[in-house]
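For clarity, every value in this text was computed on a predicted model and none was experimentally measured. Residue numbering restarts at 1 for every chain, and letters A, B, ... go by the order of the sequence lines.
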Number of protein chains: 2
Amino acid sequence: MRGLGLCRILIEAGIDAPLSKWPPIAQVGKTIAARRRFFRSQEHVDSIPIICDGWAAVAEFLPNGRRQILSFLLPGELLSSSTLFESCVDHDVEALTPICYRLFDRAGLWERLVTDPKALSSFVNDCAEEKHRLDELVLDLGRRKAHQRIARLILELMDRLARRSAVREPTFNFPLRQSQIADATGVTAAYVNQVLKGFRGKRLIKLEKRSLTVLDVARLRRLIDE
Amino acid sequence: MRGLGLCRILIEAGIDAPLSKWPPIAQVGKTIAARRRFFRSQEHVDSIPIICDGWAAVAEFLPNGRRQILSFLLPGELLSSSTLFESCVDHDVEALTPICYRLFDRAGLWERLVTDPKALSSFVNDCAEEKHRLDELVLDLGRRKAHQRIARLILELMDRLARRSAVREPTFNFPLRQSQIADATGVTAAYVNQVLKGFRGKRLIKLEKRSLTVLDVARLRRLIDE
DNA sequence: CGTAAAATTGAGCTGTCTCAATCAATGTGG
DNA sequence: CCACATTGATTGAGACAGCTCAATTTTACG
């Protein structure tokens, strides 16, 4: 099992520690409302956000307006480890809930990596984990049916949340809109609705008031690759 | 514009130099026939292949037998920079043509990265580039039509080959089978055939005898996002 | 409490798949 | 160098997953 990576190394004091406990390369935190695009890495940027609280989504747009969500960011996650040193990526980061985040200084992070093998090692691990997740997403989009992708998304989010909170609840807070699920899984919002209806009908999940319960983890998991 | 990355740093003498010109962490090369799976990174592996000659594909399988090609490897490319330090990835690497490759010692590579900031920098760049390609693939599979994905694949391969040979020919060697195009773009082999027929009909490409000519680069490119 | 955003539903429609058959090309052993 | 065997390409008919668009209801929010 893998730890929480570079972030964990950087902030021994915990994600919601006061700024004084953060390394000097961390800047003061900001709070913003849900639904706001709070970061766009288009031109030269010299700092990278880390999510302290709330959910965010990293998305890319097609010229024709269609959108693909590349990943969700949960509390304690750094934006895209492997693009840490790309000055120019065309990804938007959008708050899905009210968000609190801090910024890390890029140059400082690099300095740290070069001089601290433990940090470097964590960083490399983060890259690998991120790549692994992306590989899985490609597999999903290329070779699985819509309902399987959605099942996987649900289970993956549950896993990631569980890893953080250390409790494995089949019920958890689920702020995603159907249109966001759609953009993450490469289908239409209308069709996400159909699929969720199907899941509810088969008593696989319960979803109401932004709270999701996976009623039958095993069956949902089995569904993914049948 | 980005260089050829870590590989370039490691092998100043050029990809087809005799072994004596290679760094000590490179092992002797091997040659294998097309169609062979020559590397499977399943359990602990202590070396990573670099392609000296030929094309290869990195693929992942679903339990139900379906396959997704995650990337193609062209001459001079290292297998998956960002998984360089993952001992366990479930990807197969398959030769698409007769292949010549060498192996790099993993521990040695790591040593080099920690001590040589220039190598580290190249490595980070490679990770970023690889992630960028993967992001694009996700965008493709999630939000583009089959013919657009195939157009993009063709153009991307043309670009990558051109970057290597420094000549920008609209005609190049194209060893991919339709079934491989299918597994890379998330469609069916039968449908790939339809799409290619369409491209030929519209005089966008010429494809015969493993040789591909892009007749109208601009129009093919425009097609991708319309 | 009114308004905007999300969810739900339905009626077509189309891109892509499945399966199967045929044809072409490539390789192999004799 | 031929005859067969295998693999890949091409094509067609039918099926269905998932899309579009639009209408309606529900939920969230200032």
Side-chain angles (χ1 to χ4, degrees), chain A residues 33-36 55 57 62 64-68 94-98 140-151 153 173-201 205-212 223 226, chain B residues 33-37 55 57 62 64-69 94-98 140-151 173-201 205-212 223-224 226:
Chain A
R35 196 69 39 100
R36 284 276 313 296
W55 290 32
L62 242 39
N64 60 24
R66 307 183 131 220
R67 178 174 84 148
Q68 176 67 43
E94 183 189 324
L96 301 177
T97 67
D140 247 27
L141 297 175
R143 287 306 184 207
R144 278 195 259 250
K145 299 277 166 66
H147 66 278
Q148 301 175 314
R149 297 180 217 164
I150 293 173
L153 176 63
N173 194 270
F174 192 81
L176 298 187
R177 312 287 131 145
Q178 294 186 353
S179 68
Q180 290 156 352
I181 299 178
D183 285 344
T185 55
V187 296
T188 286
Y191 197 61
V192 168
N193 192 290
Q194 308 277 64
V195 172
L196 290 180
K197 179 162 73 148
F199 284 177
R200 276 191 279 248
I205 64 169
K206 188 156 73 90
L207 174 53
E208 48 187 29
K209 304 275 287 168
R210 312 288 137 204
S211 168
L212 176 67
L223 207 165
E226 72 192 5
Chain B
R35 196 70 39 97
R36 283 277 311 295
R37 210 181 295 156
W55 289 34
L62 242 38
N64 60 23
R66 306 185 130 219
R67 178 174 84 148
Q68 176 67 42
I69 291 181
E94 182 189 324
L96 302 177
T97 67
D140 249 26
L141 298 175
R143 287 306 184 207
R144 277 195 259 251
K145 300 277 166 67
H147 65 277
Q148 300 175 314
R149 296 180 217 165
I150 294 173
N173 194 270
F174 192 81
L176 298 187
R177 312 286 132 146
Q178 294 186 352
S179 68
Q180 290 156 352
I181 299 179
D183 286 344
T185 53
V187 296
T188 285
Y191 198 61
V192 169
N193 192 289
Q194 308 276 66
V195 172
L196 290 180
K197 179 161 74 147
F199 284 176
R200 275 193 280 249
I205 64 168
K206 189 156 72 90
L207 173 53
E208 49 187 29
K209 304 275 286 167
R210 311 288 136 205
S211 168
L212 176 67
L223 206 165
I224 292 180
E226 71 191 6

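In terms of modelled atom types and a separation under 3.5 Å, the side chain of A:T97 and the main chain of A:W55 share a donor-acceptor contact. In terms of modelled atom types and a separation under 3.5 Å, the side chain of A:R143 and the main chain of B:V187 share a donor-acceptor contact. Side-chain atoms of B:E94 do not come within 3.5 Å of backbone N or O of B:R37 as any donor-acceptor pair.
In this model, the phosphate group of C:dT8 is approached by a side-chain N or O of A:R200 to a distance below 4.0 Å at OP1 or OP2. Side-chain N/O atoms of A:N193 include one lying less than 4.0 angstrom from OP1 or OP2 on C:dT8. Side-chain N/O atoms of A:R210 include one lying less than 4.0 angstrom from OP1 or OP2 on C:dA7. Side-chain nitrogen and oxygen atoms of A:Q178 include at least one within less than 4.0 Å of the OP1 or OP2 phosphate oxygen of C:dT8. Neither OP1 nor OP2 of D:dT10 sits under 4.0 Å from any side-chain N or O of B:K197.
Between the OH atom of A:Y191 and the P atom of C:dT9 there is a distance of 15 Å, given to the nearest Å. Nucleotide C:dA5 holds its P atom 13 Å from the CD atom of A:E94, rounded to whole Å. Nucleotide D:dA17 holds its C1' atom 16 Å from the CG atom of A:L141, rounded to whole Å. Distance A:Q194 CD to C:dT9 P: 8 Å, rounded to the nearest Å. Atom pair B:L196:CG and D:dG8:P shows a separation of 15 Å (rounding to whole Å applied). Atom CG of B:L207 and atom P of D:dT10 are 8 Å apart (whole Å). Per the geometry, CZ belonging to A:R144 stands 17 Å off P belonging to C:dC17, to the nearest Å. Remark: P of D:dT20 and CG of A:N64 are 10 Å apart, rounded to the nearest angstrom.
Each of A:K145 and A:Q180 was matched to the nucleotide of DNA chain C holding its nearest heavy atom; the match closer to the 5' end belongs to A:Q180. Residue whose closest nucleotide on DNA chain D sits further toward the 5' end, between A:H147 and A:R177: A:H147.
Expressed to the nearest 0.5 Å, how far CD1 of B:I69 lies from CG of B:L176 amounts to 7.5 Å. Taking NZ of B:K206 as the reference point, atom CG of B:L212 lies at 10.0 Å (rounded to 0.5 Å).
Contact annotation for A:R149: no contact, since no heavy-atom pair falls under 4.0 Å across all strands. Looking at heavy-atom distances under 4.0 Å, B:R66 makes contact with sugar-phosphate atoms alone, never a base.
Distance from the side chain of B:A190 is smallest to C:dT18 among C:dA7, C:dT9, C:dT18.
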